[in-house]
Q: 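Encoded as structure tokens, here's the structure I'll be asking about.
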Amino acid sequence: MLLTMIFWLLVFVTVYFLIKKAYKNTTDITINELKVNHDLSTNSSPSLSILQLSDLHLENISITPEELFEKVKHKPIDLIAITGDFLDRKRTIPKLIPYLKVLNKIEAKYGIYAVLGNHDYVLKGTNLDKLIDTLEQHNCKVLRNETEIINVHGNIVNIIGIDDFSTKRSDLDSSYKGIQSGTNLVLTHDPNIVLHMKNHHFDYLLSGHFHGGQICYPKAYHLAKMGKLARMNKIKGFHTQDGKPYYISEGLGQTGVNIRVGSRPEITFHELTLATAQGKNLKAM
């Protein structure tokens, strides 16, 4: 009887400390920096400095707006890209506002752009409208299968926002309608869309969705149902598809339970050289 009690006490203590460590991992934020197309740059090639945030999941986020600002305020940022999954409860919408306010304090030269993710679409009707209105009232342009065009030092950049693939809202033809000759920067939530973009050129694509597995031990087997890329173990970081580069962020927040094992929350800075590189194998440094 005593041995049984000791055994279960040890099990309880072990599980407690493992969960405590897994929760602490949610505060251990990784800051990644990439230079994309850098090998194509010349003295006259401008670049675009992009801050990417993804999968805030504000019901389970372990960084405050003030802490986020402290981590990004010293970096030159031309454009902020938010690649979906802000929240999935209407009561959480007010919690988004302080984060948007600190992003506005950065004063990104070319603005803030966002796409929606599958969790955002848990909201319906007026609640979804309220989320979008909240974003746009705080200078965040929401792209839903549409393109916004900016001019960066005389270079056209098509910011192409493809709606969420996992909820069957993606429309590639509509997304690319009206683009101009220049650099194609795609923002989308679910990276599986790249497997269907053989005939739609992009110079760089930013996405999220997988959380790097979130609970990833020994591998993220639970992601298998989330599409072909996950089954190929392409769940985070820099990859190419048909010679075109894309990036999968591990995201800032968590879904389900507020823990991480084998993954970390992520803030990403991308420096994209605006060199037209269609047909070339592009690299990140």
Side-chain angles (χ1 to χ4, degrees), residues 34-38 40-42 44-54 77-84 108-117 120 132 135-136 139-209 238-249 268 270-284:
L34 292 90
K35 293 184 177 181
V36 184
N37 300 1
H38 192 65
L40 301 174
S41 64
T42 66
S44 61
S45 299
S47 62
L48 188 66
S49 298
I50 305 166
L51 166 63
Q52 182 193 9
L53 304 175
S54 195
I77 298 169
D78 295 322
L79 185 147
I80 299 172
I82 312 176
T83 49
K109 183 175 182 179
Y110 300 103
I112 308 172
Y113 297 87
V115 290
L116 301 180
D120 302 314
I132 295 171
L135 289 164
E136 298 207 327
N139 307 308
C140 179
K141 175 66 177 176
V142 180
L143 300 174
R144 302 173 75 186
N145 294 321
E146 58 190 309
T147 291
E148 189 86 1
I149 298 172
I150 62 174
N151 189 305
V152 181
H153 302 295
N155 295 262
I156 293 295
V157 178
N158 300 297
I159 305 172
I160 301 167
I162 304 175
D163 214 345
D164 181 52
F165 178 76
S166 67
T167 55
K168 304 186 186 306
R169 288 179 168 86
S170 299
D171 186 330
L172 288 171
D173 291 339
S174 294
S175 299
Y176 275 74
K177 186 177 181 180
I179 68 169
Q180 298 181 18
S181 178
T183 297
N184 289 350
L185 171 65
V186 172
L187 310 183
T188 197
H189 180 63
D190 182 349
N192 282 295
I193 190 70
V194 300
L195 301 174
H196 303 268
M197 296 182 69
K198 191 175 184 66
N199 298 319
H200 291 81
H201 177 71
F202 57 84
D203 294 287
Y204 200 31
L205 180 148
L206 301 178
S207 63
H209 191 45
F238 184 89
H239 302 276
T240 61
Q241 179 67 32
D242 301 318
K244 298 176 289 191
Y246 65 97
Y247 191 84
I248 308 172
S249 168
T268 320
H270 307 265
E271 184 181 337
L272 175 64
T273 299
L274 302 182
T276 301
Q278 191 166 356
K280 300 191 177 189
N281 290 322
L282 307 182
K283 299 177 181 179

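Along the sequence shown, residues carry numbers from 1. All values below come from the heavy atoms of this structure, side chains included, with hydrogens, waters and symmetry mates left out.
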Q: Where is the tightest heavy-atom contact between Gly208 and Ser54, given as atom of each residue plus distance?
A: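 The answer is CA-OG, 3.5 Å.
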Q: Quick one: are the ring centres of Phe165 and His209 less than 6.0 Å apart?
A: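 So the answer is no for these two rings.
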Q: Would you say that Leu48 contacts Tyr110 through its side chain, given a criterion of any heavy-atom pair below 4.5 Å between the two side chains?
A: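 Yes, their side chains come closer than 4.5 Å.
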Q: Give me the ring orientation class for Tyr247 and His270: parallel if the planes are under 30° apart, tilted from 30 to 60°, perpendicular past 60°.
A: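 Judged by the thresholds at 30° and 60°, the geometry between Tyr247 and His270 is perpendicular.
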Q: Leu143 and Ile159: side-chain contact (heavy atoms from CB on, under 4.5 Å), yes or no, with the steps?
A: CA-CA 9 Å; Leu143 300 174; Ile159 305 172; 3.8 Å; yes
Q: Between the side chain of Thr188 and the main-chain N/O of Ile162, is any donor-acceptor distance below 3.5 Å?
A: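 Yes: the side chain of Thr188 pairs with the backbone of Ile162.
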Q: Would you kindly say whether Asn145 and Ser175 are connected by a side-chain donor-acceptor distance under 3.5 Å?
A: yes
Q: Please report the shortest heavy-atom distance between Tyr176 and Met197, naming the atom on each side.
A: OH-CE, 3.3 Å
Q: Enter the distance from Thr268:OG1 to Ile248:CD1 here, rounded to the nearest 0.5 Å.
A: 11.5 Å
Q: From Ile112 CD1 over to Lys141 NZ, what is the distance, rounded to the nearest 0.5 angstrom?
A: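 Here the interatomic distance stands at 13.5 Å.
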Q: Would you call Leu135 and Ile82 a side-chain contact if the rule is heavy atoms closer than 4.5 Å?
A: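 Contact flag for Leu135/Ile82 side chains = no.
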Q: Quick one: side chain to side chain donor-acceptor pair (under 3.5 Å) partners of His200, sequence neighbours excluded?
A: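 Residues passing side chain to side chain donor-acceptor pair (under 3.5 Å) with His200: Asp173.
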Q: Partners of Tyr113 by ring pair (Phe, Tyr, Trp, His ring centres under 6.0 Å), sequence neighbours excluded?
A: none
Q: Please report the closest heavy-atom contact between His189 and Ser207, naming both atoms and the distance.
A: O-CB, 3.6 Å
Q: Using the rule side-chain hydrogen bond (donor to acceptor under 3.5 Å, both in side chains), only one of Asn184, Thr183, Thr147 pairs with Asn158; which is it?
A: Asn184
Q: Determine whether a donor-acceptor pair (N or O, by modelled atom type, separation under 3.5 Å) exists between the side chain of Ser170 and the backbone of Asp163.
A: yes
Q: Test Arg144 against Ile132 for side-chain contact (heavy atoms from CB on, under 4.5 Å), laying out the working first.
A: CA-CA 11 Å; Arg144 302 173 75 186; Ile132 295 171; 3.3 Å; yes
Q: Mind listing the closest non-hydrogen atom pair of Gln52 and Thr83 along with its distance?
A: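 Here Gln52 and Thr83 meet closest at NE2-OG1, 3.2 Å.
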Q: Before you tell me yes or no, could you show the steps for Lys244 and Leu205 under side-chain contact (heavy atoms from CB on, under 4.5 Å), namely the whole-Å CA-CA distance, both residues' side-chain angles and the distance that decides it to 0.1 Å?
A: CA-CA 8 Å; Lys244 298 176 289 191; Leu205 180 148; over 6 Å; no
Q: Over all heavy atoms of both residues, which pair between Asp120 and Gly84 is shortest? Give the atoms and the distance, please.
A: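 In this case the closest contact between Asp120 and Gly84 is OD2-C, 3.8 Å.
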Q: Could you state the interatomic distance from CD1 (Ile150) to CG (Leu185), rounded to the nearest 0.5 Å?
A: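 Ile150 atom CD1 to Leu185 atom CG measures 8.0 Å (nearest 0.5 Å).
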Q: Is the shortest heavy-atom distance from the side chain of Phe202 to the side chain of Ile160 under 4.5 Å?
A: no
Q: Report the C-alpha separation of Val186 and Tyr246 in whole Å, then their side-chain angles, then the decisive distance to 0.1 Å, and conclude whether the side-chain contact (heavy atoms from CB on, under 4.5 Å) test is met.
A: CA-CA 9 Å; Val186 172; Tyr246 65 97; over 6 Å; no
Q: Could you grab the distance from atom CG of Leu79 to atom OG of Ser49, nearest 0.5 Å is fine?
A: 10.0 Å
Q: Find the distance between CD1 (Ile193) and CD (Gln241) and round it off to the nearest 0.5 Å.
A: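 If I round to the nearest 0.5 Å, the distance is 11.5 Å.
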Q: Applying side chain to side chain donor-acceptor pair (under 3.5 Å), name anything that partners Asn192, two or more places apart in sequence or on another chain.
A: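 If we apply the side chain to side chain donor-acceptor pair (under 3.5 Å) test to Asn192, skipping adjacent residues, the hits are Asp190.
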Q: Got a second to check how far Glu146's CD is from Lys177's NZ, nearest 0.5 Å?
A: 11.5 Å
Q: Do the non-hydrogen side-chain atoms of Val115 and Asp164 ever get within less than 4.5 Å of each other?
A: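 No, every pair of side-chain atoms sits at 4.5 Å or beyond.
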Q: Can you give me the closest heavy-atom contact between Leu187 and Ala81, atom names plus distance?
A: CD2-CB, 3.7 Å
